[in-house]
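In this text, all values refer to a predicted model and were calculated from it rather than measured experimentally. Hydrogens, waters and symmetry mates are skipped; everything else that's a heavy atom, side chains included, is used. Below, read A as the first sequence line, B as the second, and so on, with proteins coming before strands; counting in each chain starts at 1.
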Number of protein chains: 4
Amino acid sequence: MDHPLQTAKAWSRSRRRARPQDGDARTRILDAAEELFAGGGYEATPTARIAELAGVPKGLVFHYFPRKIDVLVSLVDERTVVTEEEVEALPGDAAGTLSRLARGLPLRASPAMRRILFREADTHLSVRERLGRLNSEIIRRARFALELALPGGRGDAARVEAAAATFAAVLLYQESICLLTGHHIDPDAVAELIANALH
Amino acid sequence: MDHPLQTAKAWSRSRRRARPQDGDARTRILDAAEELFAGGGYEATPTARIAELAGVPKGLVFHYFPRKIDVLVSLVDERTVVTEEEVEALPGDAAGTLSRLARGLPLRASPAMRRILFREADTHLSVRERLGRLNSEIIRRARFALELALPGGRGDAARVEAAAATFAAVLLYQESICLLTGHHIDPDAVAELIANALH
Amino acid sequence: MDHPLQTAKAWSRSRRRARPQDGDARTRILDAAEELFAGGGYEATPTARIAELAGVPKGLVFHYFPRKIDVLVSLVDERTVVTEEEVEALPGDAAGTLSRLARGLPLRASPAMRRILFREADTHLSVRERLGRLNSEIIRRARFALELALPGGRGDAARVEAAAATFAAVLLYQESICLLTGHHIDPDAVAELIANALH
Amino acid sequence: MDHPLQTAKAWSRSRRRARPQDGDARTRILDAAEELFAGGGYEATPTARIAELAGVPKGLVFHYFPRKIDVLVSLVDERTVVTEEEVEALPGDAAGTLSRLARGLPLRASPAMRRILFREADTHLSVRERLGRLNSEIIRRARFALELALPGGRGDAARVEAAAATFAAVLLYQESICLLTGHHIDPDAVAELIANALH
DNA sequence: TATGAATGAGAATTCATTCAT
DNA sequence: GATGAATGAATTCTCATTCAT
């Protein structure tokens, strides 16, 4: 379960504890890269700074990740998981279901990893793919929740689709928006808004 | 009115005609930078490539823009305008007003510049600020449209605010989302959705 | 007559007034160069900074001084004059004569120009020559003063020579020493010292 | 004991033997810089020339010395030592003591490093400080020698001070003067002169 | 595995100098 | 004379990557 206010550092610390079999150095390299890529971007981050922040010698980074891009790819591969479990939706409670979706994104990833997912999606195919899958999964869940909650009469599949997409857009970019523009959006309010819209 | 399919080149060519006093070289440098920054990103674009595409010697880039970042800043300063005109809103027609807002973002910028605005918001404060102003302006207009459309005594300013922010988020990132995930969002549907939500 | 405490700025201002026929721009360029060469050195001073400080366009510097080195050479040629007048020496008063020599170096040059003379002597022949001539002239005068002041018995030409050279060394480098090490030397005290030494 | 005619290269070669743990490349870079800075000056020496003379690739210079100025600073830090040992002064023999001081400046540095110390004092604070310390140390020793040599109750500390400062000035700049103006000063003669002056 | 020196291509930037107007 | 855009070689500095140990 993600705590949106949890820092990247705390997040990865807890994860490190959870998978102690990770080579310490390799994990520290990924931790450092996560922090730096999220902060300054992949291109602007020298591998030497990663090594420095990780407290490992420069050569070791290339021992584990032969090319710099492998650090990013590994980060995305190992630290963003789009969970595709069954959606738990209560019939009739669209707002609540969306709220729960907002609280538990189908994404196991630190806030830092989420930023990386957006920021580097332009440049690197594997990142873009992961982001696409995440987007689809949120939409799928939102659609499911809304369909379940709505009274039988269909026909407005398009409206449900728009609602799901809207919700996904807000969830996905909420953090970025806040960081970039300083404007905060409350996912619960959006959930309720969208649920209302479909009645 | 923006033609999303218009290329950055065509767009700026038409603008060049509008300001013929622009030094040819300086304009060509900005044109080239616009294209390259939009394509590969600021960090990944060497100034030498800008000069090459602009057809000017490397040194001239630094004659006009002492530091590389000045190219980006000038681009944003000179080629993106957040328009703050009066909102034309019809009382009672929230959906239509939002739709019109979606169709004509209060942003005068080429498609390329829009990508740059979103993509490089991390890179420099001035870009971030411009994006923030755009976000605020969209929210302001959406809020105005929704307030006008709603029956007099509604006290739930919070809901209106959430609706406006949601709309802004969807609009702003619609292009990015589409580019990144291939998923298209129909702004009109979102406009109607949000208008509905407040009844 | 030089006031050692007079600043370079005041000095050149008074001189500018004294030769109003100087082309204003050319003079301002030399003024600026004088200040900058003295402060940061010839090599470290771009011609663009000279133009900027002089308040003239960059091209004008090269109009008057086709190569950068010409600025330095002109500066030395025009703003350091080793005066080779007759020495006024009172027989019997070596200390007083040396003191007067210290107070009125046989050099018409601002403090800034004196620094330039030392600093750039390594690199540029014309500067070195001027410095050499100045050194010789001081020694010549000091020798003359000392010979005049001393009782008839010669034989200690070597001692007189050492005394004159010492005095010249102290005079010439006194400013530099002070600037570099913060240690101040009183020329009068040295004059008296040297005069005493020869009795 | 310094051999003034010993080349910088020979000098540092002998020192290299003394610290064989020095990385060969780093030492060669400093050797090359020493030679080039002494010859043409810091500003006029490109790092590429240093690398070339050292026989190392350009990048290695920056591996050891992240900024060019670090080469100069390291050179001064590591290759000039102002020795602050006890002064060996014979009571009553001021001239001899000063002579000995002249012959063995309290400075362990190659001839090249001495030139650099004087020439680049403007360029960086650390160089200036080192030169200042050398000046102070010479003055301290000269003062000590003169005080010891003088009859007990002399109260004219000011004259001793001027004498010491004069001696330091002559010693410090003797090399420069000679190089620049071709005029040689005999330190022994100056020592005797100054000793005489205080009687 | 682990290390940090070594490498060199390439990036940003500087700057003297030219030149058309 | 006066101007500032234009030029490109040279310079400082960066950095991914290799490699011997």
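Atom pair Phe62(C):CZ and dT7(F):C1' shows a separation of 13 Å (rounding to whole Å applied). Whole-Å rounding puts the Lys58(C) NZ to dA2(F) P distance at 18 Å. Atom-to-atom, CD of Glu52(C) to C1' of dT14(E) comes out at 14 Å; the value is rounded to the nearest Å. With rounding to whole Å, Phe65(A) atom CZ is found 20 Å from dC15(F) atom P. The separation between Ile29(B) atom CD1 and dT7(F) atom P is 10 Å, rounded to whole Å. The CD1-P distance, from Ile50(B) to dT13(E), rounds to 11 Å in whole Å. For Leu60(B) and dT18(E), the CG to P distance is 18 Å, given to the nearest whole Å. Look at CD1 on Ile69(C): it is 16 Å from P on dC15(E), rounded to the nearest Å.
Regarding contacts with the backbone of dA16(F), a side-chain N or O of Lys68(A) is found under 4.0 angstrom from either OP1 or OP2. Phosphate contact (OP1/OP2 of dA16(F), side-chain N/O of Thr47(A), threshold under 4.0 Å): present. Listed pair Tyr64(D) / dA6(E) meets the phosphate criterion, a side-chain N or O lying under 4.0 Å from OP1 or OP2. Remark: Arg67(C) is in phosphate contact with dT17(E), judged by side-chain N or O atoms under 4.0 Å from OP1 or OP2. Between His63(B) and dA6(F), a side-chain N or O to OP1/OP2 separation shorter than 4.0 Å is absent.
Leu75(C) contributes atom CG, which lies 8.5 Å from atom OG1 of Thr80(C) (distance to the nearest 0.5 angstrom). How far CD of Glu34(C) is from OG of Ser74(C): 12.5 Å, rounded to the nearest 0.5 Å. From Arg79(B), atom CZ reaches atom CG of Leu30(B) across 5.0 Å, with rounding to the nearest 0.5 Å.
Residues His124(A) and Tyr42(A) place their aromatic rings such that the two centres sit under 6.0 Å apart.
Where Pro57(C) and Pro57(B) meet DNA chain F, the nucleotide closest to each residue was compared, and Pro57(C) sits on the side nearer the 5' end. Residue whose closest nucleotide on DNA chain E sits further toward the 5' end, between Val56(D) and Val56(A): Val56(A). In terms of position on DNA chain F, the residue among Gly59(C) and Tyr42(D) whose nearest nucleotide sits closer to the 5' end is Gly59(C).
The partner of dT21(F) is dA2(E), by the rule that a Watson-Crick or G-U pair needs both atom distances under 3.5 Å. The partner of dG8(F) is dC15(E), by the rule that a Watson-Crick or G-U pair needs both atom distances under 3.5 Å.
For the pair Arg26(D) and Glu78(D), the salt-bridge criterion is met [side-chain N within less than 4.0 Å of a carboxylate O].
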